[in-house]
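This is the structure, below, for whatever I ask next.
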Amino acid sequence: MTEATSEQRQRAQALAALLERYNHEYYVLDAPTVPDAEYDRLFRELQQLEHEFPELWTHFSPTHRIGGAPLPAFDSVTHTVPMLSLSNAFSDLQQDDFASRHAELIAFDERVSKDLAAANVEYATEPKFDGLAVSLLYRDGVLVQAATRGDGASGENVTANIRTVRSVPLKLAVANVPALLEVRGEVLMLKRDFERLNDVQRERGDKTFANPRNAAAGSLRQLDSRITAQRRLSFFAYAIAQVEGADWPATHAGEMDWLAELGFPVVAAALRPVVQGATGLAGYYEGVLAQRAALPFEIDGVVYKVNSRAQQARLGFVSRAPRWAIAHKFPAEEALTRVEAIEEQV
Ligand code: NAD
């Protein structure tokens with residue numbers, strides 16, 4: 001096995017340091033200085049180097065970490081079930097033939113099919129909301145705690161702020177409520193609310209936000225919940241992490257339908273079909289990509305989850321993400337208004 005050259009070693013160190021800086025700006029300061037596509041490019045380069053030369057990998061590598069440290073100004077909440085990230089796949093839309101266009105998607109489906117020893121695996125599909133993940137805990141149908149993802153193991157207690165988000169149910173309005181329910185979802189700002197907020201910020205001579213994601217993150221992580229209340233945040237549920245005292249649906253699609261019945265906002269059924277195999281996934285990806293601009297919220301891709309929870313359990317997890325799900329990212333939409341041009345930084 002060949003060893004990394006000193007140039008490759010230095011490059012890996014420089015990439016790790018740069019990605020750490022970008023993580024801090026994005027997750028802690030809510031103020032990124034480079035577009036996501038640039039971050040993703042550097043992340044992949046580091047992943048590739050570490051894959052090729054395992055001796056370059058360290059426990060501190062950004063490729064194995066989730067998010068950023070929770071802000072000390074908030075109480076910290078330990079996640080009983082860790083809040084993970086998602087592995088990414090990209091497509092090369094310049095390619096005409098299916099196999100080259102969607103090579104990474106095909107590789108994901110092949111790996112899943114092989115590990116499950118099954119053909120035509122069923123996947124639940126969803127848009128990938130460009131906001132921030134939160135966990136909502138309900139006891140006997142009452143919202144008792146809301147937390148951000150933080151570093152995946154513990155996040156910020158944002159219960160007071162989440163209570164100001166109108167679409168989040170404070171009490172579940174159904175007859176048989178579970179004794180305990182933990183719902184995961186995304187807090188985001190609709191495009192029209194983002195435009196309005198930036199208009200107000202401009203009128204007041206205050207700083208405007210780079211994009212709806214940063215506006216949502218900055219608004220949710222306010223120490224004064226009266227400010228959060230003025231910001232018009234939205235919420236979409238996309239997973240269940242814990243259930244006690246009720247039947248837990250056997251499929252992801254079933255979970256989503258149950259969440260809708262319980263009163264949680266979930267994306268319209270037409271935007272979350274269950275499909276089969278790589279061709280089904282690619283059809284969904286291209287269909288949603290065509291609708292992207294018309295959606296009321298920003299998305300940076302789509303997410304696929306193996307539909308059967310029993311199959312999910314068999315596939316399990318790697319360090320920072322489930323092996324049964326993947327985020328299929330869209331091509332870059334250069335959304336960062338503050339960064340006009342990206343200089344070669346390393
Ligand atoms: P991710 O955004 O690639 O995927 C995981 C997240 O997706 C979840 O935590 C959840 O919040 C979200 N999500 C949205 N819709 C979902 C759905 N339907 N089901 C499940 N999850 C859903 O991973 P990440 O670790 O949150 O962030 C990494 C990404 O953030 C990078 O790929 C990059 O694009 C961006 N980033 C940018 C900078 C920068 O400086 N520009 C810095 C750090 C990270």
Side-chain angles (χ1 to χ4, degrees), residues 15 18-47 62-68 79 81-90 123-135 147-152 155 183-188 210-214 216-217 220 234-241 252-253 255-256 259 264-268 271-272 284 288 295 297-307 312 319-322 324-339 342 345:
L15 285 168
L18 194 59
L19 288 166
E20 277 306 321
R21 195 185 102 204
Y22 291 159
N23 277 343
H24 184 75
E25 290 168 351
Y26 183 88
Y27 291 113
V28 182
L29 307 179
D30 295 326
T33 57
V34 290
D36 291 352
E38 172 71 358
Y39 177 93
D40 290 340
R41 191 180 66 75
L42 299 172
F43 189 95
R44 288 210 142 201
E45 192 188 336
L46 180 58
Q47 251 179 345
T63 59
H64 287 248
R65 290 184 49 190
I66 295 170
H79 299 303
V81 181
M83 292 185 79
L84 299 180
S85 180
L86 289 169
S87 302
N88 286 335
F90 293 83
Y123 297 97
T125 61
E126 277 157 31
K128 183 169 184 297
F129 304 103
D130 203 4
L132 71 157
V134 293
S135 143
T148 61
R149 188 179 68 173
D151 63 7
V183 176
R184 302 265 167 93
E186 198 89 342
V187 166
L188 53 82
N211 54 45
R213 194 244 163 231
N214 300 119
L220 186 65
S234 299
F235 174 77
F236 286 93
Y238 56 62
I240 294 176
H252 181 75
E255 286 184 348
M256 297 295 286
L259 285 171
F264 291 93
V266 297
V267 78
L271 265 179
R272 49 179 173 93
Y284 174 74
V288 176
L295 293 174
F297 41 75
E298 285 208 337
I299 61 176
D300 58 342
V302 290
V303 181
Y304 313 132
K305 299 170 184 171
V306 168
N307 196 28
Q312 291 179 3
S319 66
R320 69 192 286 277
W324 43 265
I326 201 159
H328 192 180
K329 294 259 185 128
F330 285 156
E333 244 187 3
E334 296 304 284
L336 255 197
T337 51
R338 283 186 301 111
V339 181
I342 301 301
Q345 309 229 14

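The first residue in the sequence is number 1, and the count goes up from there. Read the numbers this way: they start at 1 and go in the same order the structure lists the ligands and their atoms. Since we're looking at a predicted model, the values are computed, not measured.
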Under a 3.5 Å distance rule, please check whether Glu298 uses its side chain to pair with a backbone N or O of Asp130 as donor and acceptor.
no
Considering non-hydrogen atoms only, spot the tightest contact between Ala147 and His79 and give its length.
CB-CE1, 3.9 Å
Any idea which part of Tyr238 is under 4.0 Å from ligand 1, heavy-atom wise: side chain, backbone, both or neither?
side chain
Candidate pair Tyr304 and Tyr284, rule side-chain contact (heavy atoms from CB on, under 4.5 Å), full reasoning:
CA-CA 10 Å; Tyr304 313 132; Tyr284 174 74; 3.9 Å; yes
Would you check if there is a donor-acceptor pair between the side chains of Arg213 and Tyr26 at a distance under 3.5 Å?
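Side-chain D/A pair, Tyr26 to Arg213: present.
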Lys305 neighbourhood, listing ligand 1 atoms whose heavy-atom distance to it stays under 4.0 Å:
17 (C), 19 (N), 20 (C)
Under 4.0 Å from ligand 1, counting heavy atoms only, is it the side chain of Arg184, its backbone, both or neither?
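No part of Arg184 is near ligand 1 at this cut-off.
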For ligand 1, the portion of Phe43 having any non-hydrogen atom under 4.0 Å away
neither
Is ligand 1 under 4.0 Å from a heavy atom in the side chain of Val303, in the backbone, in both, or in neither?
side chain
Short version for Phe129: what comes under 4.0 Å of ligand 1, heavy atoms counted, is both
So which of Glu20, Arg149, Lys329 gets nearest to atom 6 (C) of ligand 1, if we judge by its closest heavy atom?
Arg149
Heavy-atom distances under 4.0 Å decide this one: backbone, side chain, both or neither, for Ala133 against ligand 1?
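Under 4.0 Å from ligand 1, Ala133 contributes backbone and side-chain atoms.
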Can you tell me how far CG of Leu29 sits from CG of Asn23, rounded to the nearest 0.5 angstrom?
11.0 Å
Is the contact between Lys128 and ligand 1 made by the side chain, the backbone, both, or neither, using heavy atoms and a 4.0 Å cut-off?
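Under 4.0 Å from ligand 1, Lys128 contributes backbone and side-chain atoms.
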Keeping the roles fixed (side chain from Asn307, backbone from Ala253), state whether a donor-acceptor pair exists under 3.5 Å.
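It does hold such a pair.
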Hey, does Met83 sit under 4.0 Å from ligand 1 if you only count heavy atoms?
no
side-chain contact (heavy atoms from CB on, under 4.5 Å) assessment of Glu20 paired with Arg65:
CA-CA 10 Å; Glu20 277 306 321; Arg65 290 184 49 190; 3.2 Å; yes
Quick one: does Phe236 get a heavy atom under 4.0 Å from ligand 1?
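Checking ligand 1 against Phe236, which is what was asked, there is no heavy-atom contact under 4.0 Å.
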Subset of ligand 1 atoms that lie under 4.0 Å from at least one heavy atom of Glu126
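It comes down to these atoms of ligand 1: 17 (C), 18 (N), 19 (N).
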Determine, using heavy atoms of Glu25 and all atoms of ligand 1, whether some pair is separated by less than 4.0 Å.
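Distance cut 4.0 Å: Glu25 fails for ligand 1.
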Just to check, does Asp40 reach to within less than 4.0 Å of ligand 1 when the distance is taken from its heavy atoms?
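Under 4.0 Å: yes for Asp40.
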Apply the test side-chain contact (heavy atoms from CB on, under 4.5 Å) to residues Arg272 and Val266: give CA-CA distance (whole Å), side-chain angles for both, the deciding distance (0.1 Å), then the verdict.
CA-CA 10 Å; Arg272 49 179 173 93; Val266 297; 3.7 Å; yes
Decide whether an N or O pair under 3.5 Å exists between Tyr39 and ligand 1.
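In this structure, Tyr39 places no N or O atom under 3.5 Å from an N or O of ligand 1.
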Over all atoms of both residues, closest heavy-atom pair of Ser85 and Ile66
N-CD1, 4.0 Å
Please identify which atoms of ligand 1 are closer than 4.0 Å to at least one heavy atom of Asn23.
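In order of number, 43 (C).
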Which one holds for Pro127 and ligand 1: side chain close, backbone close, both close, or neither close, with close meaning a heavy atom under 4.0 Å?
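The answer is the backbone of Pro127.
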Using a 4.0 Å cut-off to any heavy atom of Asn88, which atoms of ligand 1 qualify?
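That gives atoms 3 (O), 32 (O) of ligand 1.
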Considering all heavy atoms of both residues, which atom of Ile326 and which atom of Ser87 are nearest to each other, and what is their separation?
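Heavy atoms of Ile326 and Ser87 come nearest at CG1-O, 3.2 Å.
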Based purely on interatomic distance, does Leu132 place a nitrogen or oxygen under 3.5 Å from a nitrogen or oxygen of ligand 1?
no
If the threshold is 4.0 Å, N to carboxylate O, is there a salt bridge linking Lys305 and Glu126?
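Yes, Lys305 and Glu126 are salt-bridged.
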Hey, does Glu186 come in under 3.5 Å of ligand 1, counting only N/O atoms on both sides?
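Yes; the residue has a nitrogen or oxygen that sits under 3.5 Å from a nitrogen or oxygen of the ligand.
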Mind listing the closest non-hydrogen atom pair of Phe43 and Pro62 along with its distance?
CE1-O, 3.6 Å
